[in-house]
Each structure stands twice: as C-alpha cells, then as structure tokens.
*Asks:* 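This is the structure I have questions about; it appears just below.
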Amino acid sequence: MSALKDDTIGIAPSAADDAADRKRRIWAIVGSSSGNLVEWYDFYCYAFFALYFAPAFFPKGDSTSQLLQTAGIFAVGFFMRPVGGWLFGRIADRVGRRTSMVVSVLMMCFGSLLIGILPTYEHVGTLAPVLLLLARMLQGLSVGGEYGTSATYMSEVAIKGKRGFFASFQYVTLIGGQLLASLVLVLLQTVMTSQDLSSWGWRIPFFIGAGLAVVALYLRRSLAETKEAGDKENAGTFAELFKHWRAFCVVLAYTAGGSLSFYTFTTYMQKYLVNTAGMPKTSASQVMTVVLFVYMIIQPLFGALSDKIGRKANMLLYSGLGTLMVVPLMTALGTNKDPYLAFALITLGLSVVSFYTGISGIVKAELFPTNVRALGVGLSYALANAMFGGTAEFVALWFKDAGMESTFFWYVTVLMAVAFVGSLIMPNPKVHGYLDGAGTVEEALGKKRRFAHA
C-alpha cells in the first residue's frame, strides 16, 4: 500500500521513514503541479492569442466586435466546467485522483491540438467558429475537472502545518501556465511580424501545448495515489455532497468574487490595456508577462502566511481590501499608457488577489470530507467560474461596447463584497476542517445559522 493514503498518510515510525515520506510528498506536489502547468498553458493560449486569431474565425468588423465574439466562445468553454467538475470529481472520488488527472490532461492537450489545425472563416465560413467552439468546450470540460482533482490531491499530500505553503503551488503552476503562454506570445512577437502572427503564427503555441502532453502524462502516471477506489459506497455522489450543502454554498460565494477578480486582472487586462488605455500590443504583452512572473512567485508567501494567521484571515483580507480597490485601480489603468505605472497598479491588485489564490485549493478542500472532496471542490469552483470568471471578458467588452465601461468595475466590486460575506460565514478550518480541524464544518455552519436567527 502506498505511503500516500488518505488524510493521515505517512505517519512514520522512524526518522528515516519520515524523511522518505516527506520526499514522496514533495515529489507528489511537483508531479501534480507540473501537469497542472501544462493544462493551464493550453487553456490560456486561447486568451492571450485572441488578439491575433479573432479575425481568422469571424467575419470582418471592428476589433471590439471580433474580440467580443471570441470572448463569447471563451465564456462557453467555462460553461463546460461544471460538467467537467462533476465528471472528473466523481472519477477522482470513486476511482482515484491520479486517474482523473491523467485523463484530464490528455483531453486538454487534444483540444489544444484541434485548435491548432482548425480551418479559418475564409475557407469554411461559419463552420470555423463552430469548430472553435467545440474545441473550447472540450478544453472547458477538461479544465473543469483539473482544478478540483489537483487541488484535492495537493491538499492531501501536503505536510500538516504547511498545507497552505505546499498547496499554493497549484496556483504557482496555474499562473505559470499563463506566464508560459505570455512568454511564447512575446517571443513570437519578437521574431514574427504582426501580419504573420495573424495569418498562421497563432497556431504555433497550440502545437507546443499539444506536445507537452507527453511530459505531463509521464509525470502524472508516476504519482502515488492518495485515495483507494471504493472507499465508500456513496463516494462522489450528489446525495453525499448534498449533506454538505452549506459548505458548498460558502465556497460558491467567495469563489464568485475570486474568479471574477482573477480573470479581470490577468486574462482581460491585456485587452483592457490595448483596447481602452490605448497601449501598444507589444507593450501590453510585456507588462503582463512581468506582472504574471511576480504574481507567480509570491503565491507561496501568501500560502505560508495562511499557515500562520489562518485561512479565514487570508480570505477576509482578500475580499475586504478587494472590495475597496477595484474601482480606483481600473479607473487609473484605463487612462494610463505608462507601462511602468501599469505594472505597479496591476501588481498591487494581484497582490490583494493573492490572499485568495495562494490558498484557493486548500481553503476549499478543508471544507469537504474525503469521499466527496474532489466533487465538492471541483463542482463549486466550476459553477462559480462558469457564471462569473469565464464571463469576465465578455461582460467587460459588452459594457464597453454599450458605452458603459465603468459599470463593469462596480460589477466586480459587488462580487467582491459577496466574497467578503462568504469569508465571514466560512468556519475556521483550524477548528472546523476535514484535513486538520477537530470539529466539523456542518457543526460550525449550523451554529452560525442558529446565531443569525436568534
């Protein structure tokens, strides 16, 4: 039997065994997070290269209209996430985390390869955006299952007392996927003309992503399992998940603001700098590349901070500060063409977001028991992302097209306030958590509800 089993895995009888167990856990974090990087690189290539391939899949028109249609397909991909969250969450809870992660990364890379070989609107007409939509739906299904399963796996193998630090590497590699996609974009902008990129160069990053599947498959097949198949008869079922509906609703509440703010300050920001602030495409890409690098390397700091001050404190700082910052930051960025000031403002915004993203996986995993953990984490995250994260670009561009761009800033602010309420309601995982806590989440939420009605 593997040393990596369930939430109490690897209690070593000797110092040598303890050291070996620690190494196995660290390798498990590296292996699972590396596959996570490949998945998210593939997913974000679409967002970063949309400026170049949007004209290839839609009729001629102004750039905002083409980006709006491209963002619409980006959003539809997110609506497949709940299905992926359910499907892969069920596989992970009933069959095993590793199996679920291997299948999801292969599906993602197949979708990436498909986008790379798609014909354009000029050659097949309206069939082009339809095929693009199908490829994005496949990728959405895959990434919907990736988040919940990898978050669950990394939370389970992390060392007790340092779970926040180790689990933060999920977002290190998630952002790393964005950063890699951005670096590829900057590199191609350096060696290719804008015309070549719009004509055929945009296909290159999707082929790169498909090729990385081999590495991701090797890394994930070598992982030890944390959960054996058939632990409980009702594992991964809606009936079992419904017993934890209060925790599910809390996660939905704070993930809504978390997802929306994350995509606003990352994937949409490149387009905002170009389309609203009037910054050159190359400058915007370079700014976002440096921003993402800084954002990536600070995640473990915020994860480690949560091990000291608690997950709940992290969430309150994130949502409280975030509610206050969105409108002034977005307003300032929309009238600024200085890349250095843009870097400072976006980094400030993402530093606040890091209070959440640094613990995004672990703060959800702690609220669900083993037999529905992957389903609970994956489905709640996917639903919130589909409704708010994946629609961020579409909603922002729609408001801009309607001449009400600043309304989007207030929309984000309202969702951040919802996240603040969710953070207030959330039980303290140190006391009422399924990984380390002595009590149960249901008890804590029940007490809060009774207090509210007193």
*Asks:* I'd like to check the ring pair (Phe, Tyr, Trp, His ring centres under 6.0 Å) partners of Phe166; sequence neighbours left out, ordered by chain and number.
*Replies:*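 Scan of Phe166 (ring pair (Phe, Tyr, Trp, His ring centres under 6.0 Å), adjacent residues dropped) gives none.
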
*Asks:* Who pairs with Ser168 by side chain to side chain donor-acceptor pair (under 3.5 Å), at least two apart in sequence or on another chain?
*Replies:* none

*Asks:* How about Met330 and Phe265: do any of their side-chain heavy atoms sit closer than 4.5 Å?
*Replies:* yes

*Asks:* Does atom OH of Tyr411 have more than 12 heavy-atom neighbours from other groups under 6.0 Å away?
*Replies:*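 Check passes, neighbour count above 12.
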
*Asks:* side-chain hydrogen bond (donor to acceptor under 3.5 Å, both in side chains) for Arg97 and Thr149? Distances and angles first, verdict last.
*Replies:* CA-CA 6 Å; Arg97 320 305 195 201; Thr149 307; over 6 Å; no

*Asks:* Could you tell me which non-hydrogen atom of Ala135 sits nearest to which non-hydrogen atom of Ile115, and how far apart they are?
*Replies:* CB-CG1, 3.5 Å

*Asks:* When you measure from the side chain of Ser112 to the backbone of Phe206, do you find a donor-acceptor pair of N or O atoms at a distance under 3.5 Å?
*Replies:* yes

*Asks:* Taking C-beta and beyond as the side chain, do Val172 and Pro300 meet within less than 4.5 Å on heavy atoms?
*Replies:*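 Heavy-atom side-chain distance check passes, below 4.5 Å.
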
*Asks:* Please identify each residue that fulfils side chain to side chain donor-acceptor pair (under 3.5 Å) with Tyr268, with sequence neighbours left out.
*Replies:* none

*Asks:* Is any side-chain heavy atom of Met426 closer than 4.5 Å to one of Leu316?
*Replies:*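 Not in contact.
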
*Asks:* Over 60° means perpendicular and under 30° means parallel, so classify the ring planes of Phe399 and Phe408, tilted if in between.
*Replies:*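 Aromatic pair Phe408/Phe399 classed tilted.
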
*Asks:* Going by side-chain contact (heavy atoms from CB on, under 4.5 Å), name the residues that satisfy it together with Ala382, two or more places apart in sequence or in a different chain.
*Replies:* Arg81, Pro82

*Asks:* Quick check: does any side chain N or O of Asn314 sit under 3.5 Å from a backbone N or O of Phe302, one acting as donor and the other as acceptor?
*Replies:*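 Present.
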
*Asks:* Excluding sequence neighbours, so at least two apart, what forms ring pair (Phe, Tyr, Trp, His ring centres under 6.0 Å) with Phe49?
*Replies:*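 So Phe49 forms no ring pair (Phe, Tyr, Trp, His ring centres under 6.0 Å) with any residue.
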
*Asks:* Calculate, to the nearest 0.5 Å, the distance between atoms OG and CG belonging to Ser380 and Asn385 respectively.
*Replies:* 10.0 Å

*Asks:* Is the side chain of Lys364 donor-acceptor paired with the backbone N or O of Ser360 at a distance under 3.5 Å, no angle test?
*Replies:* yes

*Asks:* List for me each residue that meets ring pair (Phe, Tyr, Trp, His ring centres under 6.0 Å) alongside Tyr318, sequence neighbours excluded, and say none if there are none.
*Replies:*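 Tyr318: ring pair (Phe, Tyr, Trp, His ring centres under 6.0 Å) contacts with Tyr356.
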
*Asks:* I need the minimum non-hydrogen distance between Ala128 and Pro119, along with the two atoms involved.
*Replies:*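 Looks like CB-O, 3.6 Å.
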
*Asks:* Any idea which heavy atoms bring Leu367 and Ala247 closest together, and the distance?
*Replies:*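 So the two residues come closest at O-CB, 3.8 Å.
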
*Asks:* Does Thr391 reach the main-chain N or O of Phe394 with its side chain, forming a donor-acceptor pair under 3.5 Å?
*Replies:*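 It does not hold such a pair.
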
*Asks:* side-chain contact (heavy atoms from CB on, under 4.5 Å) with Leu301: which residues, sequence neighbours excluded?
*Replies:* Ile298

*Asks:* Under the side chain to side chain donor-acceptor pair (under 3.5 Å) test, which residues partner Tyr295, sequence neighbours left out?
*Replies:*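 So Tyr295 forms a side chain to side chain donor-acceptor pair (under 3.5 Å) with Thr357.
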
*Asks:* With no hydrogens and no angle check, do the side chains of Thr282 and Gln189 hold a donor and an acceptor under 3.5 Å apart?
*Replies:* no

*Asks:* With ring pair (Phe, Tyr, Trp, His ring centres under 6.0 Å) as the rule and sequence neighbours excluded, what pairs involving residues 372-391 come up?
*Replies:*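 For residues 372-391, and leaving out neighbouring residues, the ring pair (Phe, Tyr, Trp, His ring centres under 6.0 Å) pairs sorted by first residue read Tyr147-Tyr381.
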
*Asks:* Taking only residues two or more places apart in sequence, or in another chain, which ones meet Gln270 in a side chain to side chain donor-acceptor pair (under 3.5 Å)?
*Replies:* Ser285

*Asks:* For the pair Arg163 and Glu366, find out whether any cationic side-chain nitrogen is under 4.0 Å from an anionic carboxylate oxygen.
*Replies:* no

*Asks:* Side-chain contact test, heavy atoms from C-beta onward, threshold under 4.5 Å: evaluate it for Phe293 versus Leu183 and give yes or no.
*Replies:*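 Of all side-chain heavy-atom pairs linking Leu183 with Phe293, none is under 4.5 Å.
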
*Asks:* Using side-chain heavy atoms (C-beta onward) and a distance below 4.5 Å, is Ile362 in contact with Gln170?
*Replies:* no

*Asks:* Between the side chain of Asp93 and the main-chain N/O of Ala374, is any donor-acceptor distance below 3.5 Å?
*Replies:* yes

*Asks:* List the residues meeting side-chain contact (heavy atoms from CB on, under 4.5 Å) with Leu37, not counting sequence neighbours, and say none if there are none.
*Replies:* Thr173, Leu180

*Asks:* Can you give me the closest heavy-atom contact between Ala256 and Ala384, atom names plus distance?
*Replies:*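 Where Ala256 meets Ala384 most closely, the heavy atoms are N-CB, 3.8 Å.
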
*Asks:* Quick check on the 6.0 Å ring-centre criterion: do Tyr46 and Phe53 meet it?
*Replies:*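 Ring centres of Phe53 and Tyr46 closer than 6.0 Å.
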
*Asks:* Are Phe262 and Tyr171, when compared by the centres of their aromatic rings, separated by less than 6.0 Å?
*Replies:* yes

*Asks:* Going by side-chain contact (heavy atoms from CB on, under 4.5 Å), name the residues that satisfy it together with Ser104, two or more places apart in sequence or in a different chain.
*Replies:*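 Scan of Ser104 (side-chain contact (heavy atoms from CB on, under 4.5 Å), adjacent residues dropped) gives Glu39, Phe88, Ser142, Glu146, Arg220.
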
*Asks:* Determine whether a donor-acceptor pair (N or O, by modelled atom type, separation under 3.5 Å) exists between the side chain of Asn428 and the backbone of Lys312.
*Replies:*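 No; zero donor-acceptor contacts below 3.5 Å.
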
*Asks:* Say whether, by atom type as modelled, one donor and one acceptor occur between the side chain of Ser261 and the main chain of Gly258 under 3.5 angstrom.
*Replies:* yes

